[in-house]
Amino acid sequence: MGSLKDRPSLDWQMAADRAAQQVAVNAALFGENYPGHCTDDGIYRLRPALGVFPDGANQGWTTGFVPGAQWAAWELTGAESLRDAALGHVASFARRADERIDTQTHDLGFLYTLSCVTAWQLAGDQRARSAALRAADLLLERVLEPAGIVQAWGAPDDPAQRGRTIIDSLMNMPLLFWAADAAGQPGLAATAERHVRQLRDHIIRPDGSTFHTYYWDIATGAALRASTQQGLSDDSCWARGQAWGILGFAINYRHCADASLLDAASRCADYYLAHLPDDGVPMWDLAFGESDDQPRDSSAAAIAACGLLELAGHLDMTGSGAAAGAYRQAAEAACASLVSGYVPDSVESGRPLLLHGVYDMPMGNGIDEGNLWGDYFYLEALLRLTNTQWAPWW
(Lines give C-alpha, C1' and ligand atoms only; values in the text may rest on other atoms or scores of the structure.)
Protein backbone atom coordinates (compact mmCIF):
# COMPACT_ATOMS: atom_id res chain seq x y z
CA MET A 1 0.00 0.00 0.00
CA GLY A 2 3.03 2.23 0.15
CA SER A 3 4.30 5.10 2.21
CA LEU A 4 2.36 8.33 2.58
CA LYS A 5 5.28 10.36 1.31
CA ASP A 6 4.71 8.85 -2.14
CA ARG A 7 1.05 9.88 -2.30
CA PRO A 8 -0.20 12.96 -4.16
CA SER A 9 -2.10 15.71 -2.36
CA LEU A 10 -5.84 15.03 -2.33
CA ASP A 11 -9.02 16.98 -2.93
CA TRP A 12 -11.09 16.27 0.18
CA GLN A 13 -14.30 17.47 -1.45
CA MET A 14 -13.83 15.09 -4.36
CA ALA A 15 -13.31 12.21 -1.94
CA ALA A 16 -16.37 13.29 0.04
CA ASP A 17 -18.56 13.50 -3.07
CA ARG A 18 -17.56 10.01 -4.11
CA ALA A 19 -18.25 8.62 -0.64
CA ALA A 20 -21.65 10.31 -0.57
CA GLN A 21 -22.46 8.80 -3.96
CA GLN A 22 -21.81 5.32 -2.56
CA VAL A 23 -24.05 6.07 0.43
CA ALA A 24 -26.83 7.13 -1.93
CA VAL A 25 -26.50 3.96 -4.00
CA ASN A 26 -26.65 1.78 -0.89
CA ALA A 27 -29.60 3.75 0.51
CA ALA A 28 -31.54 2.96 -2.65
CA LEU A 29 -30.56 -0.70 -2.37
CA PHE A 30 -31.56 -1.29 1.26
CA GLY A 31 -34.32 1.28 1.81
CA GLU A 32 -35.46 1.08 5.42
CA ASN A 33 -33.81 -2.31 5.93
CA TYR A 34 -30.30 -2.78 7.33
CA PRO A 35 -27.20 -4.44 5.91
CA GLY A 36 -25.00 -6.65 8.04
CA HIS A 37 -22.27 -5.31 10.31
CA CYS A 38 -19.69 -6.05 7.62
CA THR A 39 -19.48 -6.85 3.95
CA ASP A 40 -19.42 -10.44 2.75
CA ASP A 41 -16.72 -10.84 0.09
CA GLY A 42 -16.71 -7.07 -0.31
CA ILE A 43 -20.48 -6.56 -0.65
CA TYR A 44 -23.08 -5.58 1.95
CA ARG A 45 -26.06 -7.92 2.12
CA LEU A 46 -29.23 -7.80 4.19
CA ARG A 47 -28.58 -8.22 7.90
CA PRO A 48 -29.04 -11.95 8.50
CA ALA A 49 -32.06 -13.20 10.40
CA LEU A 50 -31.35 -13.82 14.07
CA GLY A 51 -33.82 -15.55 16.39
CA VAL A 52 -37.10 -13.64 16.17
CA PHE A 53 -35.55 -11.01 13.89
CA PRO A 54 -36.07 -11.41 10.13
CA ASP A 55 -33.54 -10.50 7.46
CA GLY A 56 -32.77 -6.78 7.42
CA ALA A 57 -34.18 -6.08 10.89
CA ASN A 58 -33.08 -3.26 13.19
CA GLN A 59 -31.09 -5.34 15.66
CA GLY A 60 -27.50 -5.35 16.85
CA TRP A 61 -25.25 -2.43 17.73
CA THR A 62 -24.38 -1.06 14.28
CA THR A 63 -27.69 -0.08 12.63
CA GLY A 64 -27.33 3.56 13.75
CA PHE A 65 -24.36 3.96 11.43
CA VAL A 66 -26.72 3.56 8.44
CA PRO A 67 -28.76 6.75 9.02
CA GLY A 68 -25.62 8.35 10.46
CA ALA A 69 -23.84 7.90 7.13
CA GLN A 70 -26.90 9.19 5.30
CA TRP A 71 -27.02 12.33 7.43
CA ALA A 72 -23.30 12.86 6.91
CA ALA A 73 -23.68 12.41 3.15
CA TRP A 74 -26.60 14.87 3.17
CA GLU A 75 -24.50 17.44 5.01
CA LEU A 76 -21.76 16.96 2.43
CA THR A 77 -24.01 17.23 -0.64
CA GLY A 78 -27.39 18.70 0.29
CA ALA A 79 -29.13 15.87 -1.62
CA GLU A 80 -32.70 15.70 -0.30
CA SER A 81 -32.96 12.00 -1.15
CA LEU A 82 -30.30 11.32 1.50
CA ARG A 83 -32.15 13.42 4.09
CA ASP A 84 -35.36 11.53 3.30
CA ALA A 85 -33.55 8.19 3.56
CA ALA A 86 -32.15 9.11 6.99
CA LEU A 87 -35.53 10.28 8.27
CA GLY A 88 -37.03 7.03 7.04
CA HIS A 89 -35.20 5.16 9.82
CA VAL A 90 -36.69 7.15 12.72
CA ALA A 91 -39.84 5.02 12.99
CA SER A 92 -37.82 1.82 13.33
CA PHE A 93 -35.61 3.28 16.06
CA ALA A 94 -38.61 4.74 17.91
CA ARG A 95 -40.26 1.32 17.94
CA ARG A 96 -37.03 -0.31 19.07
CA ALA A 97 -36.78 2.02 22.08
CA ASP A 98 -40.49 1.92 22.95
CA GLU A 99 -40.66 -1.87 22.84
CA ARG A 100 -37.16 -2.39 24.31
CA ILE A 101 -36.08 -4.43 21.30
CA ASP A 102 -32.46 -5.55 21.70
CA THR A 103 -31.63 -2.68 24.06
CA GLN A 104 -29.54 -4.55 26.65
CA THR A 105 -26.35 -2.77 25.60
CA HIS A 106 -24.25 0.32 26.28
CA ASP A 107 -24.30 0.93 22.52
CA LEU A 108 -27.56 2.86 22.77
CA GLY A 109 -25.45 5.96 22.16
CA PHE A 110 -24.10 4.64 18.87
CA LEU A 111 -27.64 3.65 17.92
CA TYR A 112 -29.59 6.76 18.90
CA THR A 113 -27.15 9.65 18.58
CA LEU A 114 -26.75 8.95 14.87
CA SER A 115 -30.33 7.91 14.10
CA CYS A 116 -32.45 10.19 16.29
CA VAL A 117 -30.44 13.00 17.92
CA THR A 118 -29.33 13.90 14.39
CA ALA A 119 -32.89 13.74 13.05
CA TRP A 120 -33.98 16.13 15.80
CA GLN A 121 -31.03 18.49 15.42
CA LEU A 122 -31.02 18.59 11.63
CA ALA A 123 -34.70 18.18 10.80
CA GLY A 124 -36.64 18.96 13.99
CA ASP A 125 -38.27 15.51 14.05
CA GLN A 126 -40.20 15.30 17.33
CA ARG A 127 -40.57 11.53 17.24
CA ALA A 128 -36.80 11.25 16.92
CA ARG A 129 -36.33 13.50 19.96
CA SER A 130 -38.70 11.36 22.04
CA ALA A 131 -36.98 8.15 20.93
CA ALA A 132 -33.54 9.52 21.81
CA LEU A 133 -34.75 10.55 25.27
CA ARG A 134 -36.23 7.09 25.77
CA ALA A 135 -32.91 5.52 24.75
CA ALA A 136 -31.11 7.71 27.31
CA ASP A 137 -33.49 6.35 29.98
CA LEU A 138 -32.64 2.81 28.89
CA LEU A 139 -28.92 3.61 29.09
CA LEU A 140 -29.40 4.89 32.64
CA GLU A 141 -30.75 1.48 33.62
CA ARG A 142 -27.26 0.13 32.99
CA VAL A 143 -25.54 2.36 35.54
CA LEU A 144 -24.06 0.32 38.38
CA GLU A 145 -23.61 1.98 41.75
CA PRO A 146 -21.34 2.55 43.63
CA ALA A 147 -18.89 1.75 40.82
CA GLY A 148 -20.43 4.57 38.80
CA ILE A 149 -20.00 2.84 35.47
CA VAL A 150 -22.33 1.85 32.65
CA GLN A 151 -22.28 -1.90 32.17
CA ALA A 152 -21.33 -2.85 28.63
CA TRP A 153 -23.22 -6.00 27.80
CA GLY A 154 -25.95 -8.28 29.10
CA ALA A 155 -28.53 -7.79 31.81
CA PRO A 156 -27.30 -5.89 34.88
CA ASP A 157 -27.46 -9.11 36.92
CA ASP A 158 -25.56 -11.23 34.37
CA PRO A 159 -22.80 -12.85 36.47
CA ALA A 160 -20.35 -12.93 33.54
CA GLN A 161 -20.82 -9.25 32.66
CA ARG A 162 -21.64 -7.51 35.96
CA GLY A 163 -19.34 -4.59 36.59
CA ARG A 164 -17.74 -4.71 33.15
CA THR A 165 -17.44 -1.78 30.81
CA ILE A 166 -15.39 -1.13 27.69
CA ILE A 167 -13.48 1.67 26.05
CA ASP A 168 -16.08 1.90 23.25
CA SER A 169 -18.57 3.15 25.86
CA LEU A 170 -16.93 6.58 25.79
CA MET A 171 -18.81 7.21 22.55
CA ASN A 172 -22.15 6.43 24.18
CA MET A 173 -21.94 9.05 26.91
CA PRO A 174 -22.78 11.98 24.58
CA LEU A 175 -26.35 10.63 24.44
CA LEU A 176 -26.63 11.31 28.18
CA PHE A 177 -25.07 14.77 27.83
CA TRP A 178 -27.54 15.61 25.07
CA ALA A 179 -30.48 14.27 27.10
CA ALA A 180 -29.37 16.29 30.13
CA ASP A 181 -29.79 19.47 28.10
CA ALA A 182 -32.87 18.37 26.18
CA ALA A 183 -34.76 17.20 29.27
CA GLY A 184 -33.32 19.73 31.72
CA GLN A 185 -31.87 16.99 33.93
CA PRO A 186 -28.27 17.86 34.88
CA GLY A 187 -27.98 14.61 36.84
CA LEU A 188 -27.67 12.79 33.53
CA ALA A 189 -24.54 14.76 32.71
CA ALA A 190 -23.09 14.00 36.15
CA THR A 191 -23.65 10.28 35.52
CA ALA A 192 -21.88 10.46 32.17
CA GLU A 193 -18.96 12.43 33.64
CA ARG A 194 -18.47 9.91 36.41
CA HIS A 195 -18.36 7.03 33.93
CA VAL A 196 -15.86 8.84 31.71
CA ARG A 197 -13.60 9.61 34.67
CA GLN A 198 -13.63 5.99 35.78
CA LEU A 199 -12.36 5.02 32.35
CA ARG A 200 -9.81 7.83 32.42
CA ASP A 201 -8.44 6.51 35.70
CA HIS A 202 -8.45 2.78 34.95
CA ILE A 203 -8.64 1.89 31.27
CA ILE A 204 -5.50 3.81 30.21
CA ARG A 205 -2.17 2.20 31.10
CA PRO A 206 0.80 4.32 32.25
CA ASP A 207 2.36 4.18 28.76
CA GLY A 208 -0.80 5.57 27.12
CA SER A 209 -2.05 2.28 25.70
CA THR A 210 -5.51 1.08 26.67
CA PHE A 211 -7.30 -1.98 27.89
CA HIS A 212 -10.35 -3.05 25.95
CA THR A 213 -12.57 -3.88 28.93
CA TYR A 214 -12.42 -3.40 32.68
CA TYR A 215 -14.30 -4.87 35.65
CA TRP A 216 -15.41 -3.13 38.85
CA ASP A 217 -16.82 -4.60 42.07
CA ILE A 218 -20.40 -3.34 41.95
CA ALA A 219 -20.86 -3.66 45.70
CA THR A 220 -17.79 -1.67 46.78
CA GLY A 221 -16.95 0.27 43.61
CA ALA A 222 -13.39 -1.07 43.67
CA ALA A 223 -11.53 -1.43 40.38
CA LEU A 224 -10.80 -5.12 39.79
CA ARG A 225 -9.13 -6.23 36.56
CA ALA A 226 -8.73 -5.69 32.85
CA SER A 227 -9.48 -8.07 30.00
CA THR A 228 -9.94 -8.04 26.25
CA GLN A 229 -12.73 -9.23 24.02
CA GLN A 230 -11.40 -8.36 20.58
CA GLY A 231 -7.70 -7.67 21.08
CA LEU A 232 -4.75 -10.03 20.81
CA SER A 233 -4.47 -10.46 24.59
CA ASP A 234 -5.42 -8.79 27.86
CA ASP A 235 -2.04 -7.03 27.84
CA SER A 236 -2.00 -5.93 24.19
CA CYS A 237 -3.56 -2.79 22.71
CA TRP A 238 -6.50 -3.38 20.37
CA ALA A 239 -6.22 -0.78 17.61
CA ARG A 240 -9.88 0.17 17.36
CA GLY A 241 -10.10 0.47 21.13
CA GLN A 242 -7.16 2.87 21.13
CA ALA A 243 -8.93 4.90 18.44
CA TRP A 244 -12.10 4.99 20.57
CA GLY A 245 -9.93 6.36 23.37
CA ILE A 246 -8.63 9.24 21.25
CA LEU A 247 -12.05 10.26 19.95
CA GLY A 248 -14.03 9.35 23.05
CA PHE A 249 -12.02 11.34 25.57
CA ALA A 250 -11.80 14.32 23.20
CA ILE A 251 -15.55 14.29 22.48
CA ASN A 252 -16.43 14.06 26.16
CA TYR A 253 -14.17 17.05 26.85
CA ARG A 254 -16.54 18.97 24.55
CA HIS A 255 -19.30 18.36 27.12
CA CYS A 256 -17.58 18.78 30.47
CA ALA A 257 -14.43 20.85 29.77
CA ASP A 258 -12.30 18.72 32.11
CA ALA A 259 -8.69 19.31 31.02
CA SER A 260 -7.70 15.85 32.24
CA LEU A 261 -9.76 14.39 29.38
CA LEU A 262 -7.66 16.28 26.83
CA ASP A 263 -4.60 14.82 28.50
CA ALA A 264 -6.15 11.35 28.30
CA ALA A 265 -6.95 11.80 24.61
CA SER A 266 -3.42 13.06 23.95
CA ARG A 267 -1.84 10.11 25.73
CA CYS A 268 -3.96 7.72 23.68
CA ALA A 269 -3.07 9.61 20.49
CA ASP A 270 0.66 9.59 21.18
CA TYR A 271 0.76 5.85 21.81
CA TYR A 272 -1.39 5.17 18.73
CA LEU A 273 0.76 7.31 16.42
CA ALA A 274 3.97 5.72 17.70
CA HIS A 275 2.72 2.26 16.70
CA LEU A 276 1.56 2.82 13.12
CA PRO A 277 2.95 1.30 9.93
CA ASP A 278 4.19 3.62 7.21
CA ASP A 279 0.82 4.20 5.57
CA GLY A 280 -0.83 5.35 8.79
CA VAL A 281 -3.43 2.56 8.93
CA PRO A 282 -2.89 0.26 11.92
CA MET A 283 -2.82 -3.47 12.14
CA TRP A 284 -5.86 -4.77 14.02
CA ASP A 285 -3.82 -4.82 17.25
CA LEU A 286 -1.00 -2.38 17.95
CA ALA A 287 1.17 -5.23 19.19
CA PHE A 288 1.87 -5.85 15.48
CA GLY A 289 4.09 -3.74 13.27
CA GLU A 290 5.00 -3.18 9.65
CA SER A 291 6.81 -6.50 9.25
CA ASP A 292 4.00 -8.64 10.71
CA ASP A 293 1.68 -10.46 8.35
CA GLN A 294 -1.50 -9.22 9.99
CA PRO A 295 -4.65 -7.52 8.66
CA ARG A 296 -4.95 -3.77 8.91
CA ASP A 297 -8.09 -2.15 10.32
CA SER A 298 -9.16 0.79 8.18
CA SER A 299 -12.05 1.51 10.56
CA ALA A 300 -9.59 2.19 13.39
CA ALA A 301 -7.77 4.68 11.15
CA ALA A 302 -11.02 6.50 10.31
CA ILE A 303 -12.05 6.71 13.98
CA ALA A 304 -8.60 7.86 15.03
CA ALA A 305 -8.57 10.52 12.31
CA CYS A 306 -11.82 11.95 13.69
CA GLY A 307 -10.33 11.84 17.19
CA LEU A 308 -7.12 13.56 16.15
CA LEU A 309 -9.07 16.34 14.43
CA GLU A 310 -11.37 16.74 17.45
CA LEU A 311 -8.37 16.86 19.78
CA ALA A 312 -6.54 19.35 17.57
CA GLY A 313 -9.51 21.69 17.62
CA HIS A 314 -9.63 21.72 21.42
CA LEU A 315 -5.88 22.18 21.72
CA ASP A 316 -6.04 25.16 19.36
CA MET A 317 -8.50 26.77 21.77
CA THR A 318 -6.30 26.08 24.80
CA GLY A 319 -3.17 27.60 23.27
CA SER A 320 -1.40 24.35 22.39
CA GLY A 321 -1.00 25.15 18.71
CA ALA A 322 2.09 23.06 18.04
CA ALA A 323 0.54 19.87 19.37
CA ALA A 324 -2.70 20.67 17.56
CA GLY A 325 -0.84 21.04 14.28
CA ALA A 326 0.94 17.73 14.68
CA TYR A 327 -2.30 15.87 15.43
CA ARG A 328 -4.09 17.55 12.52
CA GLN A 329 -1.25 16.62 10.16
CA ALA A 330 -1.41 13.00 11.34
CA ALA A 331 -5.17 12.92 10.76
CA GLU A 332 -4.81 14.31 7.26
CA ALA A 333 -2.08 11.78 6.47
CA ALA A 334 -4.28 8.91 7.63
CA CYS A 335 -7.22 10.17 5.57
CA ALA A 336 -4.99 10.59 2.53
CA SER A 337 -3.94 6.98 2.92
CA LEU A 338 -7.55 5.82 3.22
CA VAL A 339 -8.60 7.76 0.13
CA SER A 340 -5.63 6.55 -1.91
CA GLY A 341 -5.41 2.93 -0.85
CA TYR A 342 -8.55 1.76 0.95
CA VAL A 343 -11.47 2.95 -1.22
CA PRO A 344 -13.06 0.64 -3.83
CA ASP A 345 -12.18 1.33 -7.44
CA SER A 346 -15.74 2.23 -8.39
CA VAL A 347 -19.13 3.05 -6.90
CA GLU A 348 -21.34 -0.04 -7.17
CA SER A 349 -24.44 -1.30 -5.40
CA GLY A 350 -23.69 -2.79 -1.98
CA ARG A 351 -20.04 -1.76 -1.81
CA PRO A 352 -18.52 -0.26 1.35
CA LEU A 353 -16.89 3.14 1.50
CA LEU A 354 -13.73 1.61 2.98
CA LEU A 355 -12.01 -1.70 2.34
CA HIS A 356 -9.67 -3.69 4.60
CA GLY A 357 -11.38 -3.41 7.97
CA VAL A 358 -11.50 -5.91 10.82
CA TYR A 359 -14.51 -6.53 13.03
CA ASP A 360 -13.47 -9.24 15.49
CA MET A 361 -10.20 -11.03 14.77
CA PRO A 362 -10.35 -13.54 17.67
CA MET A 363 -13.82 -14.65 16.55
CA GLY A 364 -12.90 -14.63 12.87
CA ASN A 365 -15.60 -12.07 11.99
CA GLY A 366 -15.35 -9.42 9.29
CA ILE A 367 -11.66 -9.82 8.53
CA ASP A 368 -10.43 -7.79 5.55
CA GLU A 369 -13.96 -6.52 4.90
CA GLY A 370 -15.77 -3.21 4.90
CA ASN A 371 -17.91 -2.36 7.92
CA LEU A 372 -20.62 0.14 8.81
CA TRP A 373 -18.71 2.03 11.50
CA GLY A 374 -15.65 2.39 9.30
CA ASP A 375 -17.84 3.84 6.56
CA TYR A 376 -19.52 6.29 8.95
CA PHE A 377 -16.33 7.59 10.57
CA TYR A 378 -14.64 7.92 7.18
CA LEU A 379 -17.51 10.22 6.20
CA GLU A 380 -17.25 12.09 9.50
CA ALA A 381 -13.54 12.61 8.93
CA LEU A 382 -14.25 14.00 5.46
CA LEU A 383 -16.92 16.28 6.93
CA ARG A 384 -14.37 17.60 9.40
CA LEU A 385 -11.81 18.17 6.64
CA THR A 386 -14.16 19.86 4.18
CA ASN A 387 -15.93 22.03 6.77
CA THR A 388 -13.77 23.13 9.68
CA GLN A 389 -16.85 24.73 11.29
CA TRP A 390 -18.78 21.46 11.34
CA ALA A 391 -20.12 20.64 14.82
CA PRO A 392 -20.16 16.93 15.70
CA TRP A 393 -23.45 15.34 16.64
CA TRP A 394 -21.81 13.53 19.54
Side-chain angles (χ1 to χ4, degrees), residues 106 109 113 139 143-152 163-181 186-216 221-226 237-238 240-275 286 303-328 330-331 391-392 394:
H106 72 107
T113 297
L139 189 56
V143 176
L144 301 178
E145 297 287 355
I149 56 100
V150 175
Q151 182 168 305
R164 188 186 202 186
T165 198
I166 64 176
I167 195 164
D168 318 37
S169 66
L170 290 167
M171 294 302 298
N172 295 309
M173 295 304 102
L175 178 64
L176 294 183
F177 284 115
W178 170 82
D181 289 337
L188 299 180
T191 296
E193 287 185 35
R194 187 179 179 197
H195 175 88
V196 171
R197 288 175 178 139
Q198 284 283 59
L199 268 65
R200 173 201 64 192
D201 293 343
H202 298 289
I203 214 157
I204 306 177
R205 301 184 183 102
D207 65 357
S209 64
T210 56
F211 299 113
H212 181 194
T213 85
Y214 208 95
Y215 285 89
W216 278 260
L224 296 178
R225 67 186 186 280
C237 185
W238 178 48
R240 192 160 77 247
Q242 193 74 9
W244 291 136
I246 302 167
L247 179 56
F249 284 117
I251 282 286
N252 282 289
Y253 172 80
R254 179 179 288 270
H255 295 283
C256 53
D258 179 343
S260 71
L261 301 185
L262 282 189
D263 177 68
S266 296
R267 291 168 59 204
C268 291
D270 292 345
Y271 186 91
Y272 174 87
L273 293 172
H275 291 79
L286 297 181
I303 295 162
C306 292
L308 292 166
L309 292 169
E310 177 75 14
L311 178 57
H314 295 310
L315 291 174
D316 275 335
M317 298 296 290
T318 59
S320 301
Y327 290 139
R328 187 172 290 108
W394 303 100

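The only option from His106, His195, Gln198 that meets the side chain to side chain donor-acceptor pair (under 3.5 Å) definition with Ser169 turns out to be His195. Screening Leu311, Leu309, Leu315 for a side-chain contact (heavy atoms from CB on, under 4.5 Å) involving Arg328 leaves a single residue, Leu309.
No side-chain heavy atom of Leu144 sits under 4.5 Å from any side-chain heavy atom of Trp216. For the pair Leu286/Tyr271, a side-chain contact is recorded, criterion being any heavy-atom separation below 4.5 Å from C-beta on. Taking the side chain as every heavy atom from C-beta outward, Cys237 and His275 never approach each other to under 4.5 Å. Side chains of Leu199 and Tyr214 form no contact here, defined as non-hydrogen atoms less than 4.5 Å apart. Taking the side chain as every heavy atom from C-beta outward, Leu261 and Asp258 approach each other to under 4.5 Å. No side-chain heavy atom of Trp178 sits less than 4.5 Å from a side-chain heavy atom of His255. Using a 4.5 Å heavy-atom threshold, the side chains of Met173 and Val150 count as touching. Annotation: side chain of Thr318 is in contact with side chain of Tyr253 (closest heavy-atom distance under 4.5 Å).
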Derivation of the side-chain contact (heavy atoms from CB on, under 4.5 Å) call for Arg267 and Arg200: CA-CA 11 Å; Arg267 291 168 59 204; Arg200 173 201 64 192; over 6 Å; no
Chi angles and distances behind the side-chain contact (heavy atoms from CB on, under 4.5 Å) call for Phe249, Val196: CA-CA 8 Å; Phe249 284 117; Val196 171; 4.2 Å; yes
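In this structure, the separation between CD on Gln242 and CG on Leu273 is 9.5 Å, given to the nearest 0.5 Å. Taken to the nearest 0.5 Å, the CZ atom of Arg225 stands 8.0 Å off from the CZ atom of Arg164. For the atom pair CG of Asp168 and CZ of Arg240, the computed distance is 7.0 Å after rounding to the nearest 0.5 Å. Distance CD1/Ile167 to NE2/His212: 8.5 Å, rounded to 0.5 Å. One distance of note links OG1 of Thr213 with CH2 of Trp238; it measures 10.5 Å at 0.5 Å rounding. Atom OH in Tyr272 sits 11.5 Å away from atom OG1 in Thr210 (nearest 0.5 Å).
A pairwise comparison of heavy atoms in Asn252 and Leu170 identifies ND2-O, 3.0 Å as the closest pair. Contact between Ala180 and Ala189 at its shortest, heavy atoms only, is CB-N, 3.7 Å. Looking at every heavy atom in both residues, Leu176 comes nearest to Thr191 through CD1-CG2, 4.4 Å. Heavy-atom minimum distance, Arg194 versus Ala147: NH2-C, 4.0 Å. Here the closest heavy-atom approach between residue Gly307 and residue Ala250 is recorded as O-CB, 4.4 Å. Contact detail for Gly163 and Gln151: the closest heavy-atom pair is N-OE1, 3.4 Å.
Side chain of Ser209 to main chain of Arg205: no donor-acceptor pair is present (N/O by atom type, distance under 3.5 Å, no hydrogens or angles).
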